[in-house]
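The block underneath contains the structure these notes are about, expressed in C-alpha cells.
Counting starts at 1 for both ligands and their atoms, following the listed order. Model, not experiment: these values are computed from the prediction. These values consider heavy atoms only, across backbone and side chains, with no hydrogens, waters or symmetry-generated copies.
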Amino acid sequence: MTKSSKGQNIELDLDRVAANGLLSRRHLLSAALGGAGLAMARPVIGQEPGINLEIPAWSKTPGPGTSPYGNRSAHAQLERQSGFGNPLYPGGGASRSPLQHLQGTITPNSLHFERHHAGIPAIDPAGHKLVIHGLVHQPLVFDYEDLLKYQMVSKIYFLECSGNSGALLYGGNPDGTAQSLHGLVSCAEWTGIPLSALLEEAGLLPEARWIAAVGADAASMGRSIPLDKAMDDSLLALFQNGEPVRPEQGYPMRLFNPGWEGNTSVKWLTQIKVTRNPLQFRDETSKYTDTLPDRTSLQFTFPMDVKSLITSPSGQMRVTQGDIYRVTGIAWSGAGSIRRVEVSADGGQTWGDALIESQQLDKALVRFSIPWKWNGAPAVLQSRATDSAGNVQPTRDAVIAAKGTINRYHNPCIQSWGVNTAGEVTNVYV
Ligand code: CO
C-alpha cells in the first residue's frame, strides 16, 4: 500500500469520482510529483532536523559478486501458499500466488500458482516423447530436441484454475486474503509452437473433432479439447517468461489453452490423440464439472469469465484514517481484453473509473489503480471489470442465482473487502 506521509494531510477540495472517498486519478499523479501537499516523500531542504543523511553501511563496502542463479532480497521474501495435502491423494494439491504483494501483470515463475494431481514427475527431456496419433494421416512422435527446431510464438496469457475463488460461493473465510481466496490465477509470457502446426503436420482426417491430451504424471491427467480451440490459439508451451517451463509447470512441455480453465492446459504433455468425440477422462466427469441445484452437471465449461480483484488494500491489511491509498488490483477475461475497471468504496452503490496502468492484451492480466482517501467510516471496496466482448463482472448474488451453491467452479464474482472503523480490512459478503 502506498499512503500519504503523515503530517502533510492538508485538507483540499479533492475531486471525488464516487462516494466514500474515491478520488480522481490525478491525485496520485500530483502526489507523486510532490504537488498539492500530498507528497509521498518528504522534501529535503537544508539540514532539516530529523532527516538522517548518514551513508548507510551497505554503501561503504563492496557486497557479494555475481551468482549463477539470481535470488530475492532478504527483505522481499514472497511465497506461494500451499493448501493442505490429503494422505489419500498423494501429490494432489495446489499452491497460490501472493497476489496482494505483486505489482504489474507478470507473475514470477517461482510464484506462479500450481495445481498437481499426482505430484511433479522428475522428467529427463532426453527420455520424454510427444506422440500425436488417432484420426491423422500420419502418426508422429517428437522428442524435445526435435521440437526446439520449430518456429515459435511468444504470448502473454493469464492462467486460472476453474476452482479459483470457489470458497466465496459458500461463504465464510472472513480471514481470507487475496492470495488464499483468489491466488489460483497467474500470468506469464508463454513461448512455444502453435498446436495447429503440429496437427497439420500429422494431417487431420475429415471426421476429427476433438483432441485428447494426456500428461506424463502418475495421474495420467487427461483432458478433451475441441479441435476448433486446438487449431485456433492453443500452444505447445516450452518456455515461460524466457526460461524452460519449470517442472511444476510441466517441464519439458505443456499444452496451453489461452483463456480456458487451467486444468485443460495439460502439463508434462506426452500424448495427443485426435478423436471424433471427447474421451470422458476422470477430470472432465467426476471433476471440473459444474453441478447445478437440480444435481445435473455442466460438462466442458472451458472459458474463464471476465473478472477483477482489488489486491491492495485487501484481506488482513489495515488502513489509517485520513490517509490516501493507491487502491490497485488485477483484471482479466477469457473472452478477450479488459476495456474498463470500475471501483466502488460503498459496496457497489456508486462507482468510479480506475486507471488501467498496463497494456490491455487479450487473455492477459491488466493492472488498475484509483486513489482513495479513507475518512474513518466503514467502507466496502469492490472492483468490476468489463471486457472487449461487453461482458460485465457479476455480483456474487448474480452468480449464485444463476448456478446455485453446490458448484465450486467458475466463480467470477465481485470481491468485497470490508473496512471497519478500526481500519481492518476483511473479506465480507454484501
Ligand atoms: Co469448467
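A donor-acceptor contact closer than 3.5 angstrom links the side chains of Asp294 and Thr296.
Around the Co ion (ligand 1), the protein atoms of type N, O or S found under 2.8 Å away are Glu261 OE1, Thr301 O, Thr301 OG1, His410 NE2, listed by chain and number.
Under a cut-off of 6.0 angstrom, the local environment of CZ in Arg72 is crowded, with over 12 non-hydrogen atoms contributed by other residues, nucleotides or ligands.
In this view, Thr405 satisfies the side-chain hydrogen bond (donor to acceptor under 3.5 Å, both in side chains) rule with no residue, not counting sequence neighbours.
Remark: Lys229 is not positioned above the aromatic ring of Phe300, lacking an NZ or CZ atom under 6.0 angstrom from the ring centre and at most 45 degrees off the axis.
Judged by distance alone, with hydrogens and angles left aside, the side-chain atoms of Gln299 form a donor-acceptor pair with the main-chain N or O of Glu284 at under 3.5 Å.
Trp417 places none of its side-chain heavy atoms less than 4.5 Å from the side chain of Pro313.
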